[in-house]
2 protein chains.
Amino acid sequence: MPKLDESLLRPLPPFSKLDDSAIRAILDQSTSRRFEKGSTVFEEATAAESFFLLLDGTIRVVRITTEGEQVTALHIPAGQLFGIARALGRDTYPATAVAASEGVVLSWPTRLWDGFVAQYEGFATETYKTIGDRVGEMNTRIVEMSTQHVEQRIARALLRLVKQSGKKVTEGIEIGFPITRQDVSEMTGTTLHTVSRLLSAWEKEGLIISKRKKITVCDPHRMVTLGGT
Amino acid sequence: MPKLDESLLRPLPPFSKLDDSAIRAILDQSTSRRFEKGSTVFEEATAAESFFLLLDGTIRVVRITTEGEQVTALHIPAGQLFGIARALGRDTYPATAVAASEGVVLSWPTRLWDGFVAQYEGFATETYKTIGDRVGEMNTRIVEMSTQHVEQRIARALLRLVKQSGKKVTEGIEIGFPITRQDVSEMTGTTLHTVSRLLSAWEKEGLIISKRKKITVCDPHRMVTLGGT
DNA sequence: CGCAAACTTTGCGTTTGCGCAAACTTCTGG
DNA sequence: CCAGAAGTTTGCGCAAACGCAAAGTTTGCG
């Protein structure tokens with residue numbers, strides 16, 4: 001077990017109101033694990049045996065259609081809980097979680113969930129806020145998919161990624177994990193071809209710089225404009 | 001105040017595990033109100049002053065884009081709680097609720113929420129199950145919007161409506177509240193024209209019968225097939 | 001009873017973005 | 001250092017669905 005201490009969890013939403021001993025106790029019951037890029041943390045429809053906290057990296061939450069197409073529902077940034085099926089009364093995971101970059105997660109057996117909720121004041125509340133945010137995001141996704149054109153959807157998707165995991169570099173803001181055109185297409189409900197064409201065009205205009213698996217937004221302001229009113 | 005008794009709430013999820021006196025107490029604090037078709041129960045981004053239980057009718061949960069287009073996120077069937085922003089740590093409503101048919105709702109001031117959760121065992125759990133179901137539905141919507149063609153989306157939307165509020169009639173199963181092509185288009189992210197064309201075609205094939213504001217699915221099995229694998 | 005409003009149908013031209021195909025570039029492992 | 005895998009670019013043709021327009025139908029209200 002790697003050395004972990006209270007200061008790690010302290011700033012994160014579900015733990016912010018707990019005292020050191022509580023956090024210590026929670027930490028002691030956790031398992032830490034490193035994930036390679038592309039590896040699966042848990043799979044849709046399997047028994048929700050654990051819930052997770054992402055310490056480092058980014059998780060892609062995907063669903064796979066009967067035709068085998070992948071759809072990315074959500075990206076989880078470092079510092080958030082995920083796989084918390086139990087909080088919504090489910091006993092299987094509703095989607096698959098894939099590591100978008102290498103990363104580290106803590107996990108606890110799901111059976112501890114109810115105890116944490118009962119024992120630690122504010123734990124549930126903070127968790128439900130996170131879920132609330134995700135519901136909001138999903139809602140926004142539905143609205144976007146219903147009303148916007150591919151160009152706007154891709155612009156917004158990039159902005160979301162930048163906001164969640166952007167790193168400042170000299171040329172602009174870079175998305176903090178490796179991402180392919182295919183990935184972007186799965187987030188926006190389009191094809192990698194269309195994404196490629198669009199990114200090429202944007203690069204010519206100086207809006208972005210894109211290398212293999214890497215996208216840097218140079219002109220966020222103009223990107224926002226493209227994203228729609 | 002109309003006469004309400006325990007038997008009304010008893011069978012509904014959040015109350016199923018409470019005893020008569022608890023339900024009585026909850027009921028005593030509620031306000032009952034009738035809504036006309038098309039009237040707004042609450043509006044997006046306004047302070048979440050109440051939460052609601054739909055006793056009769058159907059609620060359409062919509063978001064309005066900056067361009068003024070409406071997108072229907074969800075339909076709430078009779079018997080469910082809604083407007084429970086508080087449960088997800090929000091203090092404003094994330095969407096607008098419109099009565100799709102006339103109906104009756106009970107409401108409580110939001111400040112009572114935390115008390116209910118604390119006081120009544122199982123109340124929160126059951127509520128979160130409902131939310132979990134809705135999250136699942138939204139997820140499915142995203143996947144559909146990403147991967148399916150208009151025809152499939154409309155087929156599925158109709159099936160969802162039929163499942164939620166279908167009434168058996170001699171010709172098939174009829175959607176239990178008035179619904180226009182416009183409404184269907186707002187559920188599926190398309191235009192009323194496309195919906196009209198498609199429904200006309202389906203009617204010619206005997207798949208459905210549609211009158212003004214009324215749709216009856218005659219051949220649900222074939223409709224499922226149209227909805228995709 | 002008649003008019004206006006709400007809802008529906010249908011036609012036609014246009015466009016967006018997909019599907020397919022092929023070539024090209026960058027990485028990785030032996 | 002080379003071969004193959006993984007990722008990207010680009011061209012071309014096509015079909016789904018939109019946008020616009022106009023006319024038809026049903027309903028409710030005065």
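Chain letters run A, B, ... following the sequence lines, proteins first and then strands; every chain starts at 1.
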**Q** Below 3.5 Å, does any donor atom in the side chain of B/His193 face an acceptor in the base of C/dT10, or the other way round?
**A**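 Yes, the side chain and the base share a sub-3.5 Å donor-acceptor pair.
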
**Q** I need the CG-C1' distance between A/Leu198 and C/dC18, as an integer number of Å.
**A** 14 Å

**Q** To the nearest angstrom, how far is B/Glu69 atom CD from D/dC18 atom P?
**A** 11 Å

**Q** To the nearest 0.5 Å, what is the distance between CG on B/Leu161 and CE on B/Met187?
**A** 4.0 Å

**Q** Quick check on DNA chain C: between B/His149 and B/Ser196, whose nearest nucleotide comes earlier from the 5' end?
**A**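 Upstream on the strand: B/Ser196.
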
**Q** Which sits closer to the 5' end of DNA chain C, A/Thr191 or B/Arg197, going by the nucleotide each is nearest to?
**A** B/Arg197

**Q** Can you tell me if the side-chain N/O atoms of B/Thr194 get under 4.0 Å from OP1 or OP2 in D/dA16?
**A**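 For B/Thr194, the contact criterion (side-chain N or O under 4.0 Å from OP1 or OP2 of D/dA16) is not met.
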
**Q** Using every non-hydrogen atom in the two residues, find where A/Glu205 and A/Arg222 come nearest and quote the distance to one decimal.
**A** O-NH2, 3.2 Å

**Q** For B/Arg90, does the CZ atom have more than 12 heavy-atom neighbours from other residues, nucleotides or ligands under 6.0 Å away?
**A** yes

**Q** Given A/Glu174, which of A/Lys214, A/Lys211, A/Lys168 fulfils the side chain to side chain donor-acceptor pair (under 3.5 Å) condition?
**A**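 Testing each of A/Lys214, A/Lys211, A/Lys168 against A/Glu174, the sole residue satisfying side chain to side chain donor-acceptor pair (under 3.5 Å) is A/Lys214.
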
**Q** In whole Å, what is the span from the NZ atom of A/Lys211 to the C1' atom of C/dT26?
**A**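 Answer to the nearest Å: 12 Å.
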
**Q** Is there a Watson-Crick or G-U wobble partner for D/dG28 with both distances under 3.5 Å, and which nucleotide is it?
**A** C/dC3

**Q** Round to the nearest Å and state the distance from A/Lys213 atom NZ to D/dA5 atom P.
**A**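 After rounding, the gap between these two atoms is 16 Å.
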
**Q** D/dT8 C1' sits how many Å from A/Gln182 CD, rounded?
**A** 12 Å

**Q** Atom CD of B/Glu67 and atom C1' of D/dG19: how far apart are they, to the nearest Å?
**A** 15 Å

**Q** Give a yes or no on whether A/Glu49 atom CD has more than 12 heavy-atom contacts from other residues, nucleotides or ligands under 6.0 Å away.
**A**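 No - once you tally the heavy atoms of other residues, nucleotides and ligands closer than 6.0 Å, there are 12 at most.
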
**Q** Between B/Leu192 (CG) and C/dG11 (P), how many Å, whole number?
**A** 16 Å

**Q** Check whether any side-chain nitrogen or oxygen of B/Thr190 sits under 4.0 Å from OP1 or OP2 of D/dC18, and answer yes or no.
**A**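 B/Thr190 to D/dC18 OP1/OP2: side-chain N or O found under 4.0 Å.
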
**Q** If you look at every strand shown and take non-hydrogen atoms under 4.0 Å, does B/Leu199 touch a base, only sugar-phosphate, or nothing?
**A** nothing

**Q** Check this one for me: any side-chain N or O of A/Arg181 less than 4.0 Å away from OP1 or OP2 of D/dG7?
**A** no

**Q** Tell me: CD of B/Gln148 to C1' of C/dC18, nearest whole Å?
**A** 16 Å

**Q** Below 3.5 Å, does any donor atom in the side chain of B/Arg212 face an acceptor in the base of D/dT26, or the other way round?
**A**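 Donor-acceptor pair under 3.5 Å: yes.
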
